[in-house]
> 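Next up is a structure, given as structure tokens.
All heavy atoms count here, side chains included; hydrogens, waters and symmetry mates do not. Below, chain A is the first sequence line, B the second, and so on; all start at residue 1.
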There are 2 protein chains.
Amino acid sequence: MLDTDRLNATFAALADPTRRAILARLALGETSVQKLAEPFAISLPAISRHLKVLEHAGLISRGRDAQMRPCKIDTAGLIGVDHWLEEYRKLWGQSMDKLESYLEVMKAQQGAAPPKKSRSVKRQGASHGRKD
Amino acid sequence: MLDTDRLNATFAALADPTRRAILARLALGETSVQKLAEPFAISLPAISRHLKVLEHAGLISRGRDAQMRPCKIDTAGLIGVDHWLEEYRKLWGQSMDKLESYLEVMKAQQGAAPPKKSRSVKRQGASHGRKD
DNA sequence: CGGTTATTTAACTATTTGGCTAAATACGAT
DNA sequence: ATCGTATTTAGCCAAATAGTTAAATAACCG
């Protein structure tokens with residue numbers, strides 16, 4: 001798959017709020033299709049198709065556990081976006097400052113805790129309260 | 001406009017390779033619609049509509065110069081994407097090394113001292129092959 | 001004013017997308 | 001084998017999208 005097609009697919013996948021919400025849920029950890037479907041008012045087949053789109057976009061991958069197909073985030077798609085964005089970050093000046101302060105923090109902590117940027121990483125917390 | 005709608009629009013806009021190419025061109029500087037259209041095999045009205053989509057997505061803005069409507073990048077949309085991505089960056093560990101080496105390069109390039117605040121990042125050709 | 005250039009709007013068509021329901025498939029348990 | 005649960009495929013429809021050409025608008029030029 002060409003880089004260009006992959007980006008087409010990834011951005012297109014991210015353009016749908018239901019799919020972004022699914023991704024937000026998956027950021028908390030692997031789950032079954034049913035569990036993923038719960039918060040939404042749409043049919044299971046609809047969810048199934050959203051998942052196919054996300055998978056095709058390199059945003060999730062799927063395993064097999066009995067009759068379930070647990071989904072988890074695949075970072076490939078996100079990294080693709082991040083990399084694409086890299087070209088443009090120089091356009092809004094803050095990059096250096098941000099990187100600088102981030103690095104400062106890291107050095108101060110010397111490999112102790114993982115990124116302490118903006119939000120905290122709640123492993124268990126249910127509310128990822130995104131309106132997303 | 002809700003955050004969610006804005007993201008829908010931005011991601012949808014970025015899902016089209018023509019629009020990404022337009023953005024890549026605009027990263028080099030402001031231009032007229034005609035100039036923007038040149039590299040493409042599609043009609044001017046088609047370009048015009050792409051521009052409308054990009055504008056609506058907060059990715060470009062337009063001025064007026066005689067009968068031309070020069071377009072330039074609006075960082076708002078890109079920053080929106082970057083911010084959305086922030087939630088997910090923790091999922092792929094590489095951040096430290098990458099930031100580290102990036103900063104290293106920057107320091108090497110603009111004379112000894114670490115760029116304290118807001119040093120504008122020089123354009124240094126290099127890296128990222130653009131297939132877009 | 002009338003002409004030329006730059007860009008947009010209108011009207012139409014083909015394709016894609018997202019949703020639905022009903023039916024099919026895949027496993028595990030009985 | 002048959003049943004029950006989990007998920008996908010099929011077929012249908014409505015709305016959105018990307019392209020087209022032709023016509024409209026906007027601003028400058030003589």
Side-chain angles (χ1 to χ4, degrees), chain A residues 1 4-23 25-26 29-57 59-72 74 77 132, chain B residues 1-2 4-23 25-26 29-72 74 77 132:
Chain A
M1 195 193 227
T4 259
D5 300 329
R6 159 57 60 94
L7 273 178
N8 291 351
T10 307
F11 280 128
L14 293 175
D16 184 290
T18 300
R19 285 191 293 257
R20 287 201 307 280
I22 288 175
L23 227 49
R25 169 62 191 79
L26 287 178
E30 196 162 332
T31 339
S32 74
V33 175
Q34 289 230 333
K35 281 287 178 63
L36 278 176
E38 262 168 32
F40 304 103
I42 65 181
S43 70
L44 219 34
I47 295 289
S48 181
R49 206 161 40 202
H50 279 308
L51 293 174
K52 192 188 282 185
V53 171
L54 287 167
E55 185 175 31
H56 182 243
L59 288 163
I60 69 170
S61 64
R62 298 195 260 188
R64 156 84 67 181
D65 173 13
Q67 56 258 125
M68 284 169 289
R69 265 133 267 213
C71 303
K72 63 181 228 260
D74 179 354
D132 208 1
Chain B
M1 194 192 226
L2 286 165
T4 257
D5 300 328
R6 160 55 61 91
L7 274 177
N8 291 351
T10 307
F11 280 127
L14 293 175
D16 185 290
T18 299
R19 285 191 291 257
R20 286 201 307 278
I22 288 175
L23 228 47
R25 169 64 191 78
L26 288 178
E30 197 163 332
T31 339
S32 73
V33 175
Q34 288 230 338
K35 281 287 178 62
L36 278 177
E38 262 167 31
F40 303 102
I42 64 180
S43 69
L44 219 35
I47 295 289
S48 181
R49 214 172 24 215
H50 280 307
L51 293 174
K52 192 187 284 187
V53 171
L54 287 167
E55 186 175 30
H56 182 244
L59 287 162
I60 70 170
S61 64
R62 298 195 261 187
R64 159 80 71 178
D65 173 13
Q67 56 257 129
M68 283 169 290
R69 276 124 191 111
C71 304
K72 64 182 228 261
D74 178 354
D132 228 347

> Sugar-phosphate means primed atoms, P, OP1 and OP2; the rest is base. With that split, encode nucleotides 10-19 of chain D 5' to 3' as B, S or - using protein heavy atoms under 4.0 Å.
--------BB
> Write down the distance between CG (A/Asn8) and C1' (C/dT16), rounded to a whole number of angstrom.
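A/Asn8 atom CG is separated from C/dT16 atom C1' by 14 Å.
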> Let me know the distance between CD of B/Glu38 and C1' of C/dT5, rounded to the nearest Å.
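Rounded to whole Å, this separation is 14 Å.
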> Using atom CG of A/Leu54 as one end and atom P of D/dT8 as the other, report the distance to the nearest whole Å.
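One finds 12 Å between P of D/dT8 and CG of A/Leu54, rounded.
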> Under 4.0 Å: is that the gap between some side-chain N or O of B/Lys52 and OP1 or OP2 of C/dT7?
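For B/Lys52, the contact criterion (side-chain N or O under 4.0 Å from OP1 or OP2 of C/dT7) is not met.
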> Using atom CG of A/Asp5 as one end and atom P of C/dT16 as the other, report the distance to the nearest whole Å.
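In whole Å, C/dT16 P and A/Asp5 CG are 14 Å from each other.
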> Run the numbers on B/Thr31 and B/Arg25 for side-chain hydrogen bond (donor to acceptor under 3.5 Å, both in side chains), then give the verdict.
CA-CA 9 Å; B/Thr31 339; B/Arg25 169 64 191 78; 3.1 Å; yes
> What integer distance in Å separates A/Leu51:CG from C/dG19:P?
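Distance check: A/Leu51 CG to C/dG19 P gives 12 Å.
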> Can you tell me if B/Arg20 uses its side chain to pair, donor with acceptor, with the backbone of A/Thr4 under 3.5 Å?
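At least one qualifying donor-acceptor pair exists.
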> Report the residue (A/Arg64 or B/Pro70) whose heavy-atom-nearest nucleotide on DNA chain C is the more 5′ of the two.
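Closest to the 5' end, via its nearest nucleotide, is B/Pro70.
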> Any donor-acceptor pair under 3.5 Å linking the side chain of A/Arg19 with the backbone of A/Ala13?
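Yes; at least one donor-acceptor contact below 3.5 Å.
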> So which one's nearest nucleotide on DNA chain C is more toward 5', B/Met68 or A/Leu44?
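In this pair, the answer is B/Met68.
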> Heavy-atom distance under 4.5 Å between the side chains of B/His56 and B/Val53, does that happen here?
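With C-beta onward as the side chain, the pair stays apart.
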> Within the pair A/Arg62 and D/dT8, is there a side-chain N or O less than 4.0 Å away from OP1 or OP2?
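Result: yes.
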> Looking at A/Lys35, does any N or O in its side chain come under 4.0 Å of the phosphate oxygens OP1/OP2 on D/dA6?
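It does not, given that no N or O in the side chain of A/Lys35 lies less than 4.0 Å from OP1 or OP2 of D/dA6.
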> Rounded to whole Å, please give me the gap between CD in B/Glu55 and P in C/dT7.
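Atom CD in B/Glu55 sits about 14 Å away from atom P in C/dT7.
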> Under the 3.5 angstrom rule, does the side chain of A/Ser48 hit a backbone N or O of A/Leu44 as a donor-acceptor pair?
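Flag not set: sc A/Ser48 to bb A/Leu44 has no pair under 3.5 Å.
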> A/Arg69 CZ to D/dT5 P: how many Å, rounded?
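Atom CZ in A/Arg69 sits about 16 Å away from atom P in D/dT5.
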> Could you tell me whether the side chain of B/Glu55 reaches within less than 4.5 Å of the side chain of B/Ser61, counting heavy atoms only?
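No, their side chains stay 4.5 Å or more apart.
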> For the base of D/dA6, is there a side-chain donor-acceptor partner from A/Gln67 under 3.5 Å away?
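Side chain to base: no pair below 3.5 Å.
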> For the pair made of CG in A/Asp65 and P in C/dA26, what is the distance, rounded to whole Å?
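Atom-to-atom, A/Asp65 to C/dA26, this comes out as 18 Å.
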> Is a donor on one side and an acceptor on the other found under 3.5 Å between the side chain of A/Arg62 and the backbone of A/Ile60?
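No, the answer is negative, given that no donor and acceptor are paired below the 3.5 Å cut-off.
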